Amino acid sequence: LKLQFLYLIGSTARAGCGGVCDMKLRRSVSPVRDERAPPLREGSPLPVEEWTVEDAAAWAATCGGDAAGGERYAALMRAHGIDGQTLMGMAEEDLREPPISMPRLGDIKRLARALADLKRVRSKEARVEQYESDRLRVGRQYVRMLVAALYFLLAIVATTVSLVVAHERVPATDHYPPLPDIILDNVPRLPWAFFLSEYICFALLAIAAGMTCVHKARHAIVIRFFVIGATVFLLRCVTMLATSLSVPGDHLNCEAMTFDNWAERLQRVWAIASGMGCTALGVYTCGDYMFSGHCSGITILACFICEYTPSGWRAFHHLVWTAAVIGIFCILFAHEHYSIDCFVGFYISSRVFAYYHALANQIAGMTGEQMRRLGVWFPLVAFFEADSPPGGHVNAYEVPKVVASLF
């Protein structure tokens with residue numbers, strides 16, 4: 001359809017100039033063609049910007065009206081080294097003025113008309129190519145979003161299974177008392193503090209969801225949230241399974257759970273997953289120490305909110321991080337985690353977020369060798385951020401089309 005469209009446009013242009021100018025954008029057959037030019041796709045015209053001097057001369061020869069005129073135009077292109085890019089920047093004034101200074105008015109008008117028609121056809125072709133490119137990019141983005149969602153789902157399943165296994169292996173409190181901790185040993189326990197930390201997490205999640213809905217790069221943000229969150233919580237699975245620490249306080253009723261079969265374990269997995277592992281939603285877990293999931297969630301949400309809201313909103317960013325810090329310390333004040341748990345959770349979550357975005361914002365300028373190395377060391381970034389714009393996504397906002405259609 002694209003080729004038929006361009007052919008019809010070219011036919012109209014030829015009819016408009018008395019049939020003396022062939023405006024089909026085709027490859028010029030020339031024995032001295034620059035072999036460094038990009039190879040042609042089968043059945044596709046060569047973009048004007050990639051024409052060599054010989055290509056431009058061959059095109060000009062079709063616009064002369066007769067053999068002698070065409071030869072004059074072709075000789076002009078060769079004499080002044082006019083290639084495709086130069087051709088697209090020319091106007092009628094360039095034909096009249098030095099150094100070209102064409103002497104015949106008919107030649108000036110005829111070639112100027114041909115240049116105008118060429119630019120118009122190329123403009124239409126460029127819009128078609130841009131539309132096709134955008135459509136392919138959006139299609140790839142939806143595929144990546146699906147893969148990211150599956151990756152995130154895998155991380156949720158792995159995390160809940162790890163929680164169940166860790167609860168089976170939790171050390172008995174009568175044999176393994178709480179470990180010394182600089183904060184837990186010096187700050188009295190506040191039973192309500194853990195609920196406050198979860199409410200802060202819920203509030204940050206609501207802000208992040210609203211911000212994502214109105215952001216123009218919402219699909220990219222969702223992909224990054226899935227990938228970063230899944231990666232952090234898969235790392236948390238490793239720490240939970242590798243080392244079992246004693247519970248941080250005697251107030252926790254953390255006897256090791258026993259299951260007769262895997263059906264009971266899967267029921268427990270579903271209970272934890274459906275309640276998002278939150279005490280406020282009736283889920284109680286034990287044994288998931290060394291790496292605080294609550295701290296990681298609060299940190300990741302605060303990072304996303306501050307990254308994808310306007311940089312001028314400094315007061316809002318300070319408020320977000322103040323709430324995040326309060327939420328993290330509330331975890332400690334409730335004696336639900338050791339201090340090292342929150343430190344590890346904050347450090348790993350913030351570093352994964354920072355490193356991922358630093359690489360994603362530079363990927364557009366990487367060479368082929370750099371992309372190959374990136375694919376080896378950071379395959380998630382190489383796959384999910386292959387179409388990222390240079391310098392990162394601009395913080396621009398709009399009402400989603402689905403919402404706008406309702407009004």
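For reference, positions follow the sequence shown, starting with 1. Values in this document were obtained by computation on a predicted structure and should not be read as measured data.
Using a 4.5 Å heavy-atom threshold, the side chains of V170 and S244 count as separate. Counting heavy atoms from C-beta outward, L163 and R236 have side chains that approach closer than 4.5 Å. Counting heavy atoms from C-beta on, the side chains of R224 and S388 come closer than 4.5 Å. Within the 4.5 Å cutoff, no side-chain heavy atoms of V165 are placed close to those of R265. Annotation: side chain of V214 is not in contact with side chain of V399 (no heavy-atom distance under 4.5 Å). Contact check for R113 versus K109: no side-chain heavy atoms found under the 4.5 Å cut-off. The shortest distance between side-chain heavy atoms of I207 and F316 falls below 4.5 Å. Annotation: side chain of F343 is not in contact with side chain of D341 (no heavy-atom distance under 4.5 Å).
The CD atom of E54 sits 12.0 Å away from atom CE of M77, with the distance rounded to the nearest 0.5 Å. Here the CD1-OG1 distance, from I82 to T52, works out to 13.0 Å after rounding to the nearest 0.5 Å. Atom NE2 of residue H80 and atom CG of residue D94 lie 11.0 Å apart, to the nearest 0.5 angstrom. Separation of atoms CZ (R372) and CE (M366) is listed at 13.0 Å; rounding is to 0.5 Å. In this structure, CG on L111 lies 5.0 Å from CG on L95, to the nearest 0.5 angstrom. Rounding to the nearest 0.5 angstrom, the gap separating the CD1 atom in I348 from the OG1 atom in T239 is 7.5 Å.
No donor-acceptor contact under 3.5 angstrom links the side chains of T299 and S349, judged on distance only. For the residue pair S339 / D181, a side-chain donor-acceptor distance below 3.5 Å is found, with atom types taken as modelled.
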query: Would W51 and W59 satisfy side chain to side chain contact (heavy atoms under 4.5 Å, CB included), going step by step from the backbone distance to the final call?
result: CA-CA 10 Å; W51 283 3; W59 168 82; 3.6 Å; yes

- request: Evaluate the side chain to side chain contact (heavy atoms under 4.5 Å, CB included) criterion for residues I328 and S197: first the C-alpha distance (whole Å), next the side-chain angles of each, then the deciding distance (0.1 Å), finally the verdict.
  value: CA-CA 7 Å; I328 292 172; S197 72; over 6 Å; no

field: T160/W270 under side chain to side chain contact (heavy atoms under 4.5 Å, CB included): CA gap, chis, key distance, verdict
entry: CA-CA 8 Å; T160 51; W270 171 250; over 6 Å; no

task: Go through V187 and L332 one step at a time and tell me if the side chain to side chain contact (heavy atoms under 4.5 Å, CB included) criterion holds.
output: CA-CA 9 Å; V187 177; L332 297 176; over 6 Å; no

field: R218 and E398: CA distance, side-chain angles, deciding distance, salt bridge (Lys or Arg N to Asp or Glu O under 4.0 Å) verdict
entry: CA-CA 10 Å; R218 61 182 70 91; E398 64 180 2; 3.4 Å; yes

- request: For the pair S246 and Y338, evaluate side chain to side chain donor-acceptor pair (under 3.5 Å) and give the outcome as yes or no after the intermediate values.
  value: CA-CA 10 Å; S246 57; Y338 290 106; 3.3 Å; yes

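Ion pair R268/E264 not flagged as a salt bridge, since none of the NZ, NE, NH1 or NH2 atoms sits closer than 4.0 Å to an Asp/Glu carboxylate oxygen. Ionic pairing of R96 and E93 is not present here: no N-O contact between side-chain nitrogen and carboxylate oxygen is shorter than 4.0 angstrom.
Around the OH atom of Y142, the shell of radius 6.0 Å holds no more than 12 heavy atoms that belong to other residues, nucleotides or ligands. Within a 6.0 Å radius of CD in E71, no more than 12 heavy atoms belonging to other residues, nucleotides or ligands are found. Heavy-atom neighbours of F378 CZ from other residues, nucleotides or ligands within 6.0 Å: at or below the threshold of 12. Other residues, nucleotides and ligands contribute only 12 or fewer heavy atoms inside 6.0 Å of the OH atom of Y347. Within 6.0 Å of CZ on R169 lie more than 12 heavy atoms contributed by other residues, nucleotides or ligands.
Here the options are Y289, F291, F194, F329, the test is ring pair (Phe, Tyr, Trp, His ring centres under 6.0 Å), and the partner is H337; only Y289 passes.
Nearest heavy-atom pair across H317 and S311 is CE1-CA, 4.1 Å. For the residue pair I221 and H215, the shortest heavy atom distance occurs at CD1-CG, 3.6 Å. Nearest heavy atoms, A60 versus A74: CB-N, 4.2 Å. Residues T86 and D83 come closest through the heavy atom pair OG1-OD1, 2.8 Å. Here the closest heavy-atom approach between residue Q141 and residue I223 is recorded as O-CD1, 3.7 Å. Closest approach of A220 to H393, counting heavy atoms only: CB-NE2, 3.4 Å.
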Show me, pair by pair, the donor-acceptor contacts under 3.5 angstrom made by side chains of residues 351-359, not counting sequence neighbours?
| residue | atom | partner | partner atom | Å |
| --- | --- | --- | --- | --- |
| Y356 | OH | E385 | OE2 | 2.7 |
| H357 | ND1 | F353 | O | 2.9 |
| H357 | NE2 | Y308 | OH | 2.7 |

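Between F225 and F304, the ring centre distance stays below 6.0 Å.
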